Amino acid sequence: MTNPEQLTIHEAHKLLITKQVSSVELTKAVLARIQAVDSKVRAFLTVTEELALQQAAQADKRIADGNCSPLTGIPAVIKDLICTKGVRTTCASKMLENFVPPYDATVIEKLYAEGMVLVGKANMDECAMGSSTENSAFFPTHNPWDLERVPGGSSGGAAAAIAAKESFYALGSDTGGSIRQPASFCSITGLKPTYGRVSRYGAIAYASSLDQIGPMTQDVEDAAIVMNVISGHDERDSTSVPCDVPDYTKALGKDIKGMRIGIPREYFVDGIQPEVAGTIKTAVAKLEEMGACVDWDVSLPSTPYALAVYYIISPSEASANLARYDGVRYGFSYKEARSMWESIEKTRQFGFGPEVKRRIMLGTYALSAGYYDAYYLKAQRVRTLIRREFDSAFEKYDALIAPTSPSVPFKIGEKTNDLMQLYLSDVCTMPINIAGVPAISIPAGFVDGLPVGLQIIAKPFAEETILRIAHAYEQATGWQQRKAPI
Ligand code: GLN
């Protein structure tokens, strides 16, 4: 068959079980596509060709034995901060340039148990700090919709790979928007699950009270399929919640009549690109036409503080998490030093890039004696306010809807000298991590050929509500079927 790499997971699965295509064929098609386009997109830090072909052959055996689940034999790419046994995992940092994990993350174990084919590891901002993938220590990734533009970040390599059809699906991580914002920029689907829904064991920690792993896919059904596998309690991650995992695909194909949807006005922030706001409003009008009860003017008044809260809490936690990179246990080590202290200092000086150092300094400052109360503690208090506002909104509404990003993808280099502008590109996604609630970004249209993402937010563990609305919208509009021009 021609171009099998263009299929979704659910389409490919149908062909696999009816033996119209094999996993080896799918995998070869994906590898050929990587070969053809990745010199332009640069989504991959590592391509695991040999491993993928071996795994595909095993998957084909499994399918021949009639033991095929929805992800068996389907090629995937994994953000390079999720540990893969025997496959280099760099976090896009010089610090871990040669780090080969001795174990698999829980999510990887789960995907392997279903017969995942791993085609490679995706580029990202170093240590997941950034919104454009320009902070990768190795090279920036390009947006398949316009190669001069960023794919978003930090999971920009993963998003670009899916948009360019270099893989069927990806796992990303989202601390302040890193799944949803690149999904928006690349016109794919990206779901940040509820905090505690998916185990982070084996994911390299950035800010532990915010980090979540989630699926990045071509459509909503694929996101539900991946969620079915990666969700659930894990003894090795004490923040993962011991509650049942529903069959997320059951949430699909239902109508949304009578569902209550609120539009929080604070997300239409000053500085939002007017065409983006217009696109989101058109999308909401569509949902209203489909039978949803829309309240066009909801207020979550603490939202404007979310960015400040995020930039206290996340660097604070990062400064603690990144203390482990001392050149002694693993990763890069500066060997020429004459003392232990010099070795630690130089390891960190040469191992980390400028953004990571900036965050470590910010966090160390915010946590230091004398400043702790003024910054960290206060940020935690505002965090509680933000969370409570979501709680009370979800007493009235099944879901809230907002833009994912205030702008369409910007040009590579355009914001590198204006950090505030760069940090602002996550204003609409950060409050969700601060509150720990789930949210998805799905394609909602284009402004001058550049993608716009629609963000749907629900209460904790209401991923099914999100998927139901997202699927209904997607089926009614078909935006997910547009293909990037690459
Ligand atoms: N862009 C945000 C940051 O730089 C969010 C990153 C993320 O979600 N990992 O921290």
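Predicted, not measured: the structure shown is a model, and the values here were computed from it. Quick note: residue numbers are just sequence positions, from 1. Worth knowing before you read on, the calculation uses all heavy atoms, side chains too, and leaves out hydrogens, waters and symmetry mates. When a ligand or atom number is given, it counts from 1 through the structure's own listing order.
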Check your understanding: Backbone or side chain, does any N or O of K79 fall under 3.5 Å from an N or O of ligand 1?
Key -> no
Check your understanding: Cut-off 3.5 Å, side chains only: do D219 and T189 have a donor facing an acceptor?
Key -> no
Check your understanding: Parallel, tilted or perpendicular for Y365 and Y375, by the 30°/60° rule?
Key -> tilted
Point to revise | Under 3.5 Å: N/O of R359 near N/O of ligand 1 | key: yes
Practice item. Kindly indicate, with the supporting measurements, whether the criterion side-chain hydrogen bond (donor to acceptor under 3.5 Å, both in side chains) is fulfilled by E317 and S209. Key: CA-CA 8 Å; E317 294 181 6; S209 78; 2.7 Å; yes
Review point. Ligand 1 and G176, any nitrogen or oxygen pair closer than 3.5 angstrom?
Key: yes
Revision key, fill the gap. Here the atoms of ligand 1 under 4.0 Å from any heavy atom belonging to A128 are 6 (C), 7 (C), 9 (N)
Point to revise | Separation of Y310 OH from I386 CD1 (nearest 0.5 Å) | key: 13.0 Å
Exercise for review: Could you tell me which atoms of ligand 1, counted from 1 in the order shown, lie closer than 4.0 angstrom to a heavy atom of G130?
Suggested key: 1 (N), 2 (C), 3 (C), 4 (O), 6 (C)
Review point. Which residue owns the protein heavy atom closest to atom 1 (N) of ligand 1, what's the atom, and how far is it?
Key: D426 OD2, 2.6 Å
Study note, to complete from the structure: Counting heavy atoms under 4.0 Å, the part of T175 that contacts ligand 1 is both
Practice item. Within a distance under 4.0 Å of any heavy atom of M129, pick out the atoms of ligand 1 and give their elements. Key: 4 (O)
Exercise for review: Look at ligand 1 and say whether E355 reaches it with a heavy atom at a distance under 4.0 Å.
Suggested key: no
Review point. Do E166 and V77 come within less than 4.5 Å of each other through their side chains, counting heavy atoms only?
Key: no
Point to revise | Electrostatic pair D237-R200, nearest N-O below 4.0 angstrom | key: yes
Revision key, fill the gap. protein heavy-atom neighbour closest to atom 7 (C) of ligand 1 works out as S178 OG, 2.4 Å
Study note, to complete from the structure: The atoms of ligand 1 lying under 4.0 Å from a heavy atom of S154, numbered in the order shown, are 9 (N)
Exercise for review: Test side-chain hydrogen bond (donor to acceptor under 3.5 Å, both in side chains) on S240 and D234 and set out the steps.
Suggested key: CA-CA 6 Å; S240 78; D234 177 12; 5.7 Å; no
Check your understanding: Is it the side chain, the backbone, both or neither of Y310 that has a heavy atom closer than 4.0 Å to ligand 1?
Key -> side chain
Exercise for review: Would you tell me whether Q218 and T8 have side-chain atoms, one donor and one acceptor, within less than 3.5 Å of each other?
Suggested key: no
Point to revise | Residues N123 and T133: side-chain donor-acceptor under 3.5 angstrom | key: no
Point to revise | Side chain, backbone, both or neither: the part of Q212 lying under 4.0 Å from ligand 1 by heavy atom | key: neither
Check your understanding: Below 3.5 angstrom, do we get any N/O pair linking D174 and ligand 1?
Key -> no
